[in-house]
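Because the structure is predicted, anything quoted here is derived from the model rather than measured. Proteins get letters first, then strands, A, B, ... in listed order; numbering begins at 1 in each.
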Protein chains: 2
Amino acid sequence: MKRSHPSSTNRIVPDAPPSVPSAPLYRQVREDLIRRVLKGEWGPGAMLPSEKQLAQDYGHSQGTVRKALMQLFDEGLVIRRSGRGTFVASHAGQYKPASFHPIYDNGGARVVEDASLYVRCERIAAKERVAAGLKIAVGAGVSQILRLRRSGSRTAVVETMYLPEELCPDAYALVRRERPQSLYALLEQAYNILITDVDERVRARLVTDDEAALLEIAPQSPVLEIERTALSLGGHPVEWRTMVCETSEFYYRRS
Amino acid sequence: MKRSHPSSTNRIVPDAPPSVPSAPLYRQVREDLIRRVLKGEWGPGAMLPSEKQLAQDYGHSQGTVRKALMQLFDEGLVIRRSGRGTFVASHAGQYKPASFHPIYDNGGARVVEDASLYVRCERIAAKERVAAGLKIAVGAGVSQILRLRRSGSRTAVVETMYLPEELCPDAYALVRRERPQSLYALLEQAYNILITDVDERVRARLVTDDEAALLEIAPQSPVLEIERTALSLGGHPVEWRTMVCETSEFYYRRS
DNA sequence: CAGTGGTCTAGACCACATC
DNA sequence: ATGTGGTCTAGACCACTGA
């Protein structure tokens with residue numbers, strides 16, 4: 001079933017028409033693997049077949065399959081560990097798309113977040129800003145989740161998250177019941193949605209009175225506002241959130 | 001970036017001790033190529049020898065050299081065009097490590113920065129915060145450079161940069177004379193120092209009166225402060241800067 | 001046309017993790 | 001001991017570029 005010198009006269013991987021027929025083999029393999037992950041063939045954290053096995057299955061050389069896997073690794077979809085294997089990325093594991101989340105104190109030491117405190121979880125109608133962020137219609141149903149991130153006795157961040165009802169029905173109730181440490185881990189297990197990328201925008205502004213009360217800081221203090229759109233594997237927005245951060249005791253860092 | 005790990009029975013590229021002897025061959029080749037680019041062996045825009053030629057020169061296989069070149073391409077140090085060749089990136093500024101720099105207006109459109117305006121370039125003694133950031137002694141000589149980033153008729157950022165005298169002697173005078181668009185491009189051409197990574201920390205705070213005047217905003221406004229340490233190839237801090245950003249008209253984004 | 005990078009193969013040996 | 005990914009080789013043919 002192999003071809004010695006493919007490139008122009010090549011087959012497609014088993015029933016995968018979406019890819020351009022003339023795309024390089026490793027690209028076709030990459031896209032088929034993405035398709036299979038999306039289909040749920042391997043859930044988050046699951047181990048993929050070995051390079052050798054995949055090469056055999058696809059009928060291509062190991063080097064070709066390897067190139068596809070390395071690309072998926074670079075894109076963050078997959079974790080590869082020497083001697084162990086290749087695994088679908090999972091928020092339950094080490095996988096985290098870059099974000100500002102890590103909190104450091106002003107001395108530079110990393111601060112452990114000891115608590116995620118859920119304050120409110122409810123279903124509401126999307127207002128304009130939320131609708132724009134999620135690319136849904138104004139007034140569409142969304143789950144709104146308000147969470148505090150605490151470190152020691154201080155509250156460092158006030159997070160407000162929005163999930164579209166269409167993709168994540170009853171997420172507000174689920175979060176209220178489960179109170180997960182990681183929202184993205186919950187999205188994986190409950191909805192089989194993998195967040196692969198986040199787009200973040202940063203501003204400084206003055207706190208609102210409500211936020212000041214939650215953060216236990218003086219009114220009119222400056223705070224950092226991070227606005228995040230989280231994208232699933234297919235590139236569709238799944239979550240929109242704002243993080244209001246106190247930065248006199250803490251600072252935030254790219255990661 | 002990709003994974004790497006040592007192999008054991010390999011030689012070193014011609015007289016290149018700086019690299020760890022046990023690093024993979026393609027890594028050694030990559031580092032030697034970087035060294036040669038920094039040395040000026042090929043200027044910006046110049047064509048590198050072909051893969052085949054380099055493979056012969058280094059005494060390694062074409063695949064190994066190719067892997068090094070592809071990595072340099074991914075890092076932006078080099079441009080590769082099929083059928084043409086491999087070229088050193090024309091603007092040294094093409095080698096841009098991630099930063100918050102890109103500025104967007106509140107509508108989401110990218111704002112072109114039309115001007116870098118140098119306000120002050122002088123030699124001073126490092127104060128505590130600067131010394132800590134550059135890992136040098138308090139009181140050591142540093143070049144202090146104050147620059148405004150303007151977009152249209154508005155000033156978006158006030159940048160204050162510090163370069164250690166030991167690594168970049170008379171940088172303040174050089175910058176005053178050259179007024180470069182990119183400081184890192186200047187570091188490359190004047191001192192053969194390549195910035196490969198930046199570490200950034202973010203805070204919100206109130207503007208000082210001096211900054212408010214430069215940014216033409218009201219006193220006591222909230223601003224974003226980004227503190228950056230720039231690291232050279234060897235991982236040594238070469239520059240420490242603060243960027244004070246106005247964020248009512250603009251916002252900043254990871255990139 | 002000759003030369004370049006891009007793709008692909010089929011092996012080899014290594015370091016590493018797990019059992 | 002077995003199986004995994006990581007490195008490296010030495011070839012092949014392709015598509016594209018320019019003279």
Side-chain angles (χ1 to χ4, degrees), chain A residues 1-13 19-31 33 42 46-74 77-89 93-94, chain B residues 1-13 19-31 33 42 46-74 78-88:
Chain A
M1 237 64 66
K2 300 185 183 181
R3 320 245 343 138
S4 295
H5 351 289
S7 205
S8 73
T9 58
N10 47 21
R11 288 175 318 129
I12 305 296
V13 284
S19 148
V20 181
S22 61
L25 288 183
Y26 71 87
R27 198 102 191 139
Q28 297 177 38
V29 171
R30 167 184 166 274
E31 283 172 23
L33 288 172
W42 306 290
M47 182 179 170
L48 268 62
S50 71
E51 292 180 357
K52 198 173 300 185
Q53 186 59 52
L54 284 172
Q56 215 160 3
D57 295 350
Y58 282 111
H60 300 137
S61 82
Q62 188 169 341
T64 298
V65 170
R66 163 162 258 272
K67 191 159 182 178
L69 288 171
M70 282 309 274
Q71 203 161 336
L72 292 178
F73 174 72
D74 289 343
L77 226 182
V78 127
I79 304 292
R80 312 196 78 197
R81 263 174 296 186
S82 185
R84 295 262 295 113
T86 303
F87 305 83
V88 178
Q94 280 81 25
Chain B
M1 286 286 266
K2 305 198 172 172
R3 277 258 153 267
S4 67
H5 265 320
S7 73
S8 65
T9 59
N10 46 23
R11 288 177 328 147
I12 306 294
V13 284
S19 147
V20 181
S22 61
L25 287 183
Y26 71 86
R27 198 112 189 124
Q28 298 177 38
V29 171
R30 168 183 165 275
E31 283 172 24
L33 288 173
W42 308 291
M47 182 178 169
L48 269 62
S50 71
E51 293 180 357
K52 197 173 300 185
Q53 186 58 53
L54 284 172
Q56 216 160 5
D57 295 350
Y58 282 111
H60 300 137
S61 83
Q62 188 169 340
T64 298
V65 169
R66 162 162 258 271
K67 192 159 182 178
L69 287 171
M70 284 307 275
Q71 213 166 80
L72 292 178
F73 175 72
D74 289 343
V78 127
I79 304 291
R80 312 195 78 196
R81 262 173 299 188
S82 186
R84 297 262 290 114
T86 303
F87 306 83
V88 178

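For A/Thr64, the side-chain atoms get nearest to C/dT9 when compared with the rest of D/dG5, D/dC8, C/dT9. For A/Arg84, whose side chain is taken as the heavy atoms from C-beta onward, the closest listed nucleotide among C/dT7, D/dG6, C/dT18 is C/dT18. Closest to the side chain of A/Met70, from the set D/dG6, C/dG5, D/dT7, is D/dG6. With distances taken from any side-chain atom of B/His60 to the nucleotides D/dT9, D/dG6, C/dT18, the minimum falls on D/dT9.
Within the 4.0 angstrom heavy-atom criterion, only backbone atoms of the sugar-phosphate kind lie near A/Lys67; the bases stay farther away. Within 4.0 Å of A/Arg66, counting heavy atoms only, lies at least one base atom of the nucleic acid.
A straight line from CZ of B/Phe87 to C1' of D/dG18 spans 11 Å, rounded to a whole angstrom. Here the P atom of nucleotide D/dA15 and the CZ atom of B/Arg80 are 19 Å apart, to the nearest Å. Straight-line distance from the CD atom of B/Gln28 to the C1' atom of D/dT7: 12 Å, rounded to whole Å. A straight line from CD of B/Gln62 to P of D/dT7 spans 19 Å, rounded to a whole angstrom. The nearest whole Å value for the distance from the NZ atom in A/Lys52 to the P atom in D/dG3 is 8 Å. For the pair B/Arg30 CZ and D/dT7 P, the computed distance is 13 Å after rounding to whole Å. Atom CD in B/Gln71 sits roughly 13 Å away from atom C1' in D/dG6 (whole-Å rounding). Following rounding to the nearest Å, A/Leu25 (CG) and C/dT7 (P) show an atom-to-atom distance of 10 Å.
Residues B/Leu69 and B/Leu54 are in side-chain contact: their nearest non-hydrogen atoms beyond the backbone lie under 4.5 Å apart. Inter-residue side-chain proximity for A/Gln71 and A/Arg27 is flagged as met; some heavy-atom pair is nearer than 4.5 Å.
Remark: A/Thr86 is in phosphate contact with D/dG5, judged by side-chain N or O atoms under 4.0 Å from OP1 or OP2. Contact annotation: A/Tyr26 reaches the phosphate of C/dT7 (side-chain N/O to OP1 or OP2, under 4.0 Å). Using a 4.0 Å cut-off, no side-chain N or O of B/Ser82 falls inside it from OP1 or OP2 of C/dG5. At the phosphate of D/dT4, OP1 or OP2 sits under 4.0 Å from a side-chain N or O atom of A/Ser50. Distances shorter than 4.0 Å separate none of the side-chain N or O atoms of A/Arg81 from OP1 or OP2 on C/dC16.
Nearest-nucleotide assignment on DNA chain C puts the 5′-proximal partner with B/Glu51, out of B/Glu51 and A/Ser61.
For B/Val65 against B/Glu51, the heavy-atom pair with the smallest separation is CG1-O, 4.1 Å. Of all the heavy atoms in B/Met47 and B/Arg84, the pair that sits closest is CE-O, 3.6 Å.
Here the CZ atom belonging to B/Arg30 is positioned 15.0 Å from the OG1 atom belonging to B/Thr64, to the nearest 0.5 angstrom.
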